[in-house]
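Along the sequence shown, residues carry numbers from 1. All ligand and atom numbering here is 1-based and tracks the order in the structure.
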Amino acid sequence: MASSAPPLKFPNSVSSSTKKRRKFSDLPSIAPTGKNWRPSTVVVAGINGHPQINGSGALRVAFQGAPGAYSEFAAKTASPACTTIPCRAFADAIDAVERGRADRAILPVESTMEGTALRNYDLLLRHDLRIVQEINLFVHYCLLAMPGVRPGELRRVISHPMALAHCGRALSHLGLRREPVEDTAGAVEMLRSNHLLDTAAIASPRAAVLYGLDVLAHGLQDESWNVTRFLLLSKTPTGPPQEPAGAGLKTSLVIAHRGGSMMVLLKVLSAFSKRNINLTKLEVINSSNEGEAPVMILDVRGRGSLRAFPHVLYVDFEGSTEESKVKEAIDEISSFSVFVRILGCYTADTNVYDLQ
Ligand SMILES: O=C(O)C(=O)Cc1ccccc1
């Protein structure tokens with residue numbers, strides 16, 4: 001399917017693109033998966049054209065949650081032939097990669113409704129893993145209950161905090177007490193195994209089928225345009241994908257410093273703009289007020305120690321670390337920032353995958 005969608009615009013992200021955000025129904029590049037789990041547009045062989053890793057040929061991807069979680073769908077979208085490894089927490093998924101029990105970890109990092117999931121970005125910064133792929137997944141939420149339960153019998157709803165937040169208006173309307181749990185599919189599993197008749201879960205339609213629950217409502221999200229961006233992380237650097245002049249590639253950086261935050265921001269923007277490098281994300285974190293925790297970043301080049309910074313910029317831009325203008329921009333930024341780390345260089349995902 002065509003891959004001509006404009007860059008996604010996430011709230012709280014500053015994009016240099018002036019293109020208008022388009023509605024789901026307008027987008028030509030939606031890759032619907034139908035009832036068939038895998039979007040036909042995704043290349044089956046390996047990640048970014050890199051060879052599959054383990055003997056059986058299947059990439060092992062660790063994700064947070066029970067089978068049927070959105071992160072698992074995202075992993076299957078990235079690499080349809082992969083074996084997925086459920087983990088209790090995102091930190092466990094990262095740990096699985098660090099210890100070699102998995103080849104990749106998958107992490108939701110931002111959504112069109114909520115912006116950047118800073119806790120997950122924090123995790124990324126504390127570990128030495130590289131971003132090797134991004135996946136944009138259209139997230140549909142359903143209200144699920146035990147078979148035969150009617151809406152009037154429900155008192156509370158459980159789900160992942162992001163799902164509860166994305167469905168805030170609908171849940172207020174239903175008057176259900178909200179309780180966060182680790183993940184959406186885990187919530188469904190909890191209903192099933194504890195035979196909870198007064199509790200609903202928010203999860204995907206696939207989780208309903210997987211665990212045999214009734215779908216009481218579809219499309220529960222407050223906004224119809226609800227896309228989550230996931231990153232696939234690897235321990236082994238795969239190197240920038242080989243594309244002529246960095247075409248279709250994206251690089252993610254973290255820039256950290258200790259003071260003069262506006263000045264640094266302006267200088268960073270200037271380093272990119274004078275080289276015509278298009279930013280696709282800019283997130284500014286300031287935690288210099290008393291009582292605010294600094295951002296902890298693993299210094300992968302130095303002694304491998306964690307360093308604390310009050311001012312951090314997350315920057316994604318179009319281009320590859322192999323391009324000379326990108327190297328120059330990074331060198332210039334390194335000359336006035338305390339710390340710069342390349343989080344990954346990978347193929348930009350211009351599709352939005354729809355798993356319904
Ligand atoms: O809980 C899940 O299913 C996840 O994979 C995390 C999540 C939750 C809501 C939207 C996207 C990802």
(request) Starting from the C-alpha separation in whole Å, work towards a yes-or-no answer on side-chain hydrogen bond (donor to acceptor under 3.5 Å, both in side chains) for Asn226 and Gln221. (result) CA-CA 7 Å; Asn226 182 31; Gln221 60 271 13; 4.9 Å; no
(message) Please determine whether the number of non-hydrogen atoms from other residues, nucleotides or ligands lying under 6.0 Å from atom CE of Met263 exceeds 12.
(response) no
(request) Could you name the protein residues that come within less than 4.0 Å of ligand 1, counting only heavy atoms, and order them by chain and residue number? (result) Ala69, Tyr70, Ser71, Tyr141, His160, Met162, Asp183, Thr184, Thr228, Phe230
(request) With the side chain counted from C-beta on, respond yes when Ile135 and Ile106 share a heavy-atom pair under 4.5 Å apart, and no when they do not. (result) yes
(message) Is there a side-chain contact between Asn136 and Asn351 in this structure, where contact means two heavy atoms from C-beta onward sitting under 4.5 Å apart?
(response) no
(request) Any salt bridge (charged side-chain N to carboxylate O under 4.0 Å, His left out) involving residues 166-181? Give me the pairs, sequence neighbours left out, ordered by first then second residue. (result) Arg156-Glu179, Arg177-Glu179
(message) Pairing donors with acceptors under 3.5 angstrom, does anything connect the side chains of Asp95 and His127?
(response) no
